[in-house]
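To keep things clear, I will list the structure first and then write my remarks on it.
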Amino acid sequence: MTQLIVKRLLSGLLALFLIATFLFFVMRSVPGDAIDIQLAESGLSEERITEVKDEMGLNDPILEQYADWASGIVRLDFGDSLVRDESVLDIILRRLPVTLELSFLAIALSLAFGPIVGMLSAIRRGKPSDAILRVGSIVGLSIPNFLVGVLMITYLSEWFGYSVPIGYQEFWESPWVNLQQMILPAIALALSVGAATARMTRSSMLEVLGTDYIRTVRAKGADERMINTRHAFKNSLIPVLTLVGLQFGGLLGGTVILEAMFSLPGLGSQVFEAVRTRDYPLIQAAALVYGAMFILVNIMVDLAYGWIDPRIRAS
Amino acid sequence: MVDVNQHLGSPTNPPSEVVDEDTDVSADASDSAFSRFVGSARHFAKTQKLGMAALAVILLLVLMAVFAGVISANDPALQNRGDVKVGPNGAYWFGTDHLGRDIFARIAYGARVSLTVGGVTVLVATVVGTLVGGFSGYYGGRFDLVLQRIVDAVMSIPVLVLALFIVALLGPSIRNLILALTIVVTPSFVRVARGEMLRIRSSDYVRAADALGASPFRTVVRHGLPNLFAPIIILASLTFGNAIVAEASLSFIGLGVPPPEPSWGRMVSDAREWIRLYPWMLLFPAAAISVSVLAFNLFGDALRDHLDPKLVL
């Protein structure tokens with residue numbers, strides 16, 4: 001088990017290194033004058049532009065620039081924001097907790113309903129309720145989350161006169177206000193992940209229900225509820241976990257739009273702003289941070305396999 | 001809708017299509033690839049009703065995009081100042097927006113934009129991804145190892161964040177949007193093609209081709225790629241839906257298709273201020289996005305049930 005963790009951490013670090021390299025070369029593959037034009041458009045003064053170009057080391061040889069960027073990352077030094085008078089690292093550290101809270105709330109919500117919907121669908125296979133749940137989950141998968149956000153904001157106030165409290169409050173300042181601000185975007189994000197989870201649980205559970213050991217349990221005389229929950233459901237969760245890990249990336253992308261829409265001061269709305277102001281060092285570092293979060297969550301998923309399935313723990 | 005119950009994808013109930021396909025083929029009395037395709041398509045039409053409905057919606061969208069100029073009487077960018085925020089009626093089927101533009105025309109021309117972005121992205125990603133993945137799986141070794149690590153790395157950056165980064169660098173335009181989305185979705189095609197190729201590399205017919213002295217290129221293209229058809233076409237359909245979502249999302253936040261080109265995502269964003277009084281401004285573009293994405297997802301799903309029920313994508 002320890003060996004597995006070490007191995008996964010090492011390959012995670014390698015992936016991070018490759019992401020950093022990839023981002024660097026995407027950034028530099030844009031012709032230099034395009035960056036010039038965009039810097040000119042950004043409305044910075046002449047001196048600031050030369051300064052910025054110097055800071056970004058745009059006049060150094062490319063390998064030297066790369067070495068600078070890579071060694072900066074190791075020291076957690078992502079440079080300074082082009083727009084704000086602050087280091088990129090400070091901005092990220094200030095903004096990240098909001099995004100973490102939102103994305104984990106969304107994951108928790110989708111895990112709260114996705115697998116159960118999938119299980120019910122599998123148990124009632126072929127019945128009308130199964131059809132409804134299946135169509136419902138593919139519809140949930142197909143509605144873009146920004147649309148869900150727009151609809152929620154509009155119709156909650158239209159029909160129920162409810163609007164989200166203005167002015168972001170952190171959880172320990174005011175848990176109730178904070179939850180109200182978080183829950184709607186979290187639901188919008190959880191809808192597609194939950195729907196994907198439901199679909200995966202259904203097909204995985206149907207597979208398990210067809211195995212010999214389920215037949216054995218049934219022949220032994222265990223009651224159906226016991227078979228479904230204890231034996232089949234638990235054993236169908238591994239592919240579901242894998243899926244949640246993979247869906248986490250899409251969820252992080254969704255936080256960018258939803259944080260901006262619900263005025264949550266997270267990393268996503270910061271990225272949104274940075275794209276508008278063309279604050280490249282910030283976007284680049286944020287993309288790296290998102291990559292790191294994705295990798296970390298997937299390592300956690302791998303470890304959770306061992307928790308669910310003792311055979312994996314042993315090997 | 002009735003046929004949702006017919007679940008072919010379950011491994012507990014192996015699909016009977018293999019047998020049916022054989023009888024179909026022998027009925028045609030020729031074993032050409034074309035007649036096999038016809039047989040398979042006929043079987044698909046018979047068993048996947050929901051998939052056929054989805055296909056019909058997709059064809060309808062394509063027709064709408066191709067004939068946008070014919071079916072809509074008005075210019076999508078024309079601002080009819082006299083007819084601002086008019087509800088759906090005979091002249092404006094879907095009503096007009098806050099600038100007096102014909103929403104039906106904008107939906108139809110928006111379909112052109114969405115399908116172009118989705119289509120070009122998926123086409124390029126399919127060709128590049130399948131070739132790169134195919135060769136990577138065939139050769140294996142160091143090249144494969146390095147390539148797969150790069151694919152893993154690119155796939156760990158959220159699609160929308162990476163697309164935002166690229167569009168921010170290059171500036172919003174349809175071409176840049178397609179470029180960004182292509183970079184973002186190609187890795188999944190590489191991964192799937194590579195996995196399949198790895199699986200069939202040791203099969204007898206590939207080894208026979210090698211033994212007969214076929215060049216690696218010929219082995220991969222002539223013998224390998226046809227076997228990648230099933231997973232790749234399924235992935236392509238699902239990716240098409242995702243590309244439409246990504247285009248709509250980016251246009252929604254003003255970084256996708258630049259005006260005056262009509263885009264569904266931008267229409268939703270324009271409608272936000274007016275929804276309360278003029279719900280049709282939101283209703284139609286929202287429905288256009290959801291229905292087309294749903295159609296591609298359902299079609300991809302039906303294809304999976306039909307071609308390769310065990311495939312996990």
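By convention in this document, chain letters (A, B, ...) are assigned in the order of the sequence lines, proteins followed by strands, and residues within each chain are numbered from 1. What you are looking at is a predicted structure, and each value in this text was computed from that prediction instead of being measured.
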ask   = Taking side chain as C-beta onward, heavy atoms only, is L100(A) less than 4.5 Å from M293(A)?
value = yes
ask   = Can you find a pair of side-chain heavy atoms, one from E207(A) and one from S236(A), that are under 4.5 Å apart?
value = no
Interface residue of largest heavy-atom contact number with chain B, from [options], under 4.5 Å:
options                            : result
I283(A), V275(A), T21(A)           : V275(A)
I132(A), I138(A), L16(A)           : I138(A)
F272(A), F294(A), F248(A), F146(A) : F146(A)

Do [X] side-chain atoms and [Y] backbone N/O form a donor-acceptor pair below 3.5 Å?
X       : Y       : answer
S290(B) : A287(B) : no
S188(B) : V185(B) : yes
S156(B) : A153(B) : yes
Y290(A) : G268(A) : yes
T182(B) : I178(B) : yes
T99(A)  : L267(A) : yes

Need one label for [X]: side chain, backbone, both or neither, based on atoms under 4.5 Å from any heavy atom in chain B.
X       : value
Y155(A) : side chain
L23(A)  : both
F22(A)  : side chain
L14(A)  : side chain
L147(A) : side chain
V256(A) : side chain
F17(A)  : neither

Engaged part of [X] at the chain A interface, taking heavy atoms whose separation is under 4.5 Å:
X       : value
F165(B) : both
N297(B) : both
N242(B) : neither
I244(B) : neither

Winner by heavy-atom pair count (cut-off under 4.5 Å) against chain A, out of [options]:
options                            : answer
L164(B), D152(B), I183(B), I253(B) : I253(B)
I150(B), I166(B), V154(B)          : V154(B)
A286(B), S292(B), G254(B)          : A286(B)

key: Considering all heavy atoms, the nearest A163(B)-L250(B) contact   = CB-CD1, 4.0 Å
inquiry  = Looking at every heavy atom in both I289(B) and W264(B), which two are closest together, and how far apart are they?
reply    = CG1-CB, 3.6 Å
inquiry  = What I want to find out is whether D130(A) reaches K127(A) closely enough, with some N-O distance under 4.0 Å, to be called a salt bridge.
reply    = no
